[in-house]
Protein chains: 2
Amino acid sequence: MLQRLFFRLERFGGLSEQEKHALQEAVARTRLVNAGEDLSGVHEYHCNLVVEGLACDYMLLPDGRRQITNLHVPGDFCDLDLLLLSASDRSISALTPVKIAIIPHHKLLDLAERHPRILLALWRDTLIDAAISRECIANIGRRNAFARIAHLLCELYIRLQSVGLVRDGAFELPLTQTDIGDATGLSVVHVNRTLQRMRADGLITWVGHQVTVRDQKRLEAAGEFRATYLNLRVDPGHGSGDRLARRFVVYPT
Amino acid sequence: MLQRLFFRLERFGGLSEQEKHALQEAVARTRLVNAGEDLSGVHEYHCNLVVEGLACDYMLLPDGRRQITNLHVPGDFCDLDLLLLSASDRSISALTPVKIAIIPHHKLLDLAERHPRILLALWRDTLIDAAISRECIANIGRRNAFARIAHLLCELYIRLQSVGLVRDGAFELPLTQTDIGDATGLSVVHVNRTLQRMRADGLITWVGHQVTVRDQKRLEAAGEFRATYLNLRVDPGHGSGDRLARRFVVYPT
DNA sequence: CGAAATTTTGAGTTCACTCAAGGATGGTGG
DNA sequence: CCACCATCCTTGAGTGAACTCAAAATTTCG
């Protein structure tokens, strides 16, 4: 059930078998959400974790325009923030049929108390989401359409790769061009024309829901993409995260 | 030293005297950073907290363009994420002369172990930053220049108010129009023209570094601003944050 | 097979950008 | 205390990237 999550977490040390087991046990049940449906209502006292499919955070503006603020691939928590915040500023919706693992807040709280490393993994996950958001701000604020879309595709490539969903440079991406537009702050029409150029340039192919990155280097250059912000590689030299985690292991509560 | 922080934290329950004291004690020293200078280098093994002045997170694009991804007002932590993440994707710079409280990571780690409620307050703070980022994405991605700037000013108004830095609808805002542009994804020229319109419309006055909100209602309407995402009001009905905190008090580690 | 959703094309428009230069402001040193 | 320099604000003019509206072509799916 949580393999994708665990697989991703391996990248920075991972969890012990015991911790994994505890997390697995915390899953109360699973749920299927149809494409286009909101997850709302569910997340009163539960966290939702994507097991299969693609979901997104979005905000609706008064005039009906939509802005997608993040995508959730398998292994991602959707709404960890509701564990600590009372006000939700966005909605979460399924872009494809999505299988969700539902973890009650109280169980996650138990885990956090008994397994500090799990608490840290959760916090860390929310911090990476924040880094993704920052990158998105720079993307939308300062790049043109071509670069924005290139950047988005690069990010998805790495994120999907980190959960084992890329094969030979290709991955399933069941997004409509409207979705791409809502995620990059562009109109559908412009997304369409830009994607045509991107395909013509030989950077990608996009057939059905199958996207293939034909020239990752040039795509990354076009999107000014550097994967570091995703924190998907272990970099033992910097930061105190490992130290913090180690402490919590040495002195378990 | 940390009054602004504590003042802001009061809004959702605050910290005990003991906890406040412990946080105060964790401050190793303070530092003055000149306007325009980066805080970088400092934050290898320290967290920086703004005591006075205005700082910002920013990212520099290859061609030299800048995108400001967040502002830090007094009482804000600048780089809590570095406690857990190894890769830093942005820089932090002082927009005005800034007084910084430096808190070594290891001391913050001690605190987190001994005072779970402090750990939660820190996590919560990073979650609110994430909410601010999301709102910023929607702002830049889907709103026009007028609304973007209005929204930014509304946000700053509330954030500064939450740390007691607004008086009679007026606050110090030592941002240049270039800064506003970098924060909203606009060019200086366009910021200038938009601000002129905003002043002519009677929404604000901006003299020197003093901004006065003349008509908050209309400004908020123009920016489609709703303050909930800032989580600055206690809303006991929703969420599990309080429960989590309570637990950690009932069963201290 | 037909309806609905999605992609694509065309044409005209606009919001925001760039370039360039002229004022204003404020800090600093002689 | 004033002159000077740097930064910032402001204005004008021309341009362009992305938008809107509208409709046709294509794909998807029940």
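Every chain is numbered from 1 and lettered A, B, ... according to where its sequence line falls, protein lines coming before strand lines.
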TODO: Kindly say if A:Arg148 contacts the phosphate of D:dA17, meaning a side-chain N or O under 4.0 Å from OP1 or OP2.
DONE: no

- [ ] Return the value, rounded to whole Å, for the distance between atom CG of A:Leu95 and atom C1' of C:dA5.
- [x] 15 Å

Task: Along DNA chain D (nearest heavy atom to each residue), the more 5'-positioned of A:Val189 and A:Ala145 - done: A:Ala145

TODO: Would you indicate what B:Arg65 reaches in the nucleic acid, counting non-hydrogen atoms under 4.0 angstrom: base, sugar-phosphate, or nothing?
DONE: sugar-phosphate

Task: Rounded interatomic separation in angstrom, taking CG from B:Asp63 and P from C:dC17 - done: 14 Å

- [ ] Check whether any side-chain N or O of B:Gln3 sits under 3.5 Å from a backbone N or O of B:Met1 as a donor-acceptor pair, and report yes or no.
- [x] yes

Task: Worked verdict on B:Asp182 versus A:Arg142 for salt bridge (charged side-chain N to carboxylate O under 4.0 Å, His left out) - done: CA-CA 9 Å; B:Asp182 287 345; A:Arg142 288 302 186 202; 2.7 Å; yes

Open item on the list: Please compare B:Gly185 and B:Gly208 by the position of their nearest nucleotide in DNA chain C and report the one closer to 5'.
Closed with: B:Gly185

- [ ] Give one of base, sugar-phosphate or nothing for A:Leu186, where a contact means two heavy atoms less than 4.0 Å apart.
- [x] sugar-phosphate

- [ ] Using only side-chain N and O atoms of A:Arg199, determine if any of them is under 4.0 Å from OP1 or OP2 of C:dT8.
- [x] yes

- [ ] Quickly work out the B:Ile140 CD1 to D:dA18 P distance and round it to whole Å.
- [x] 15 Å

Open item on the list: Output the rounded distance in Å from CZ (A:Arg143) to C1' (C:dA16).
Closed with: 19 Å

- [ ] Measure from CG on A:Asn144 to C1' on C:dT18 and round the result to the nearest Å.
- [x] 15 Å

Open item on the list: So, OP1 or OP2 of D:dC9: does either fall under 4.0 Å of a side-chain N or O from B:Gln196?
Closed with: no

Open item on the list: Side-chain N or O of B:Asn192 versus OP1/OP2 of D:dT10: is the shortest distance under 4.0 Å?
Closed with: yes

TODO: Looking at every strand, decide which applies to A:Arg142 at a 4.0 Å heavy-atom threshold: base, sugar-phosphate, or nothing.
DONE: nothing

Task: Cationic N near anionic O, under 4.0 Å, B:Asp129 to A:Arg134 - done: no

Task: A:Arg193 side-chain proximity, nearest of C:dG10, C:dA16, D:dC8 - done: C:dG10

- [ ] Measure from CG on A:Leu195 to P on D:dA18 and round the result to the nearest Å.
- [x] 13 Å

Open item on the list: How many whole angstroms separate atom CG of A:Leu175 from atom C1' of C:dA5?
Closed with: 15 Å

Open item on the list: Please classify the nucleic acid contact of A:Ser187 as base, sugar-phosphate, or nothing, using heavy-atom distances under 4.0 Å.
Closed with: base

Task: Ionic contact status for A:Arg159 with A:Asp76, cut-off 4.0 Å - done: yes

Task: Spacing of A:Met198 atom CE relative to C:dT7 atom P, expressed in whole Å - done: 15 Å

Task: Nearest-0.5 Å distance that lies between atom CD1 in B:Ile149 and atom CG in B:Leu195 - done: 4.5 Å

TODO: Take A:His209 and A:His190, find for each the nucleotide of DNA chain D with the closest heavy atom, and name the residue whose nucleotide sits nearer the 5' end.
DONE: A:His190

Open item on the list: By the 4.0 Å heavy-atom rule, please label B:Val188 as base, sugar-phosphate, or nothing.
Closed with: nothing

Task: Closest nucleotide among D:dC9, C:dT7, D:dA18 to the B:Gln177 side chain - done: D:dC9

Open item on the list: Please evaluate residues B:Tyr58 and B:Asp179 with respect to the criterion side-chain hydrogen bond (donor to acceptor under 3.5 Å, both in side chains), reporting the C-alpha separation (whole Å), side-chain torsions for both, the decisive distance (0.1 Å), and the verdict.
Closed with: CA-CA 10 Å; B:Tyr58 72 96; B:Asp179 295 332; over 6 Å; no

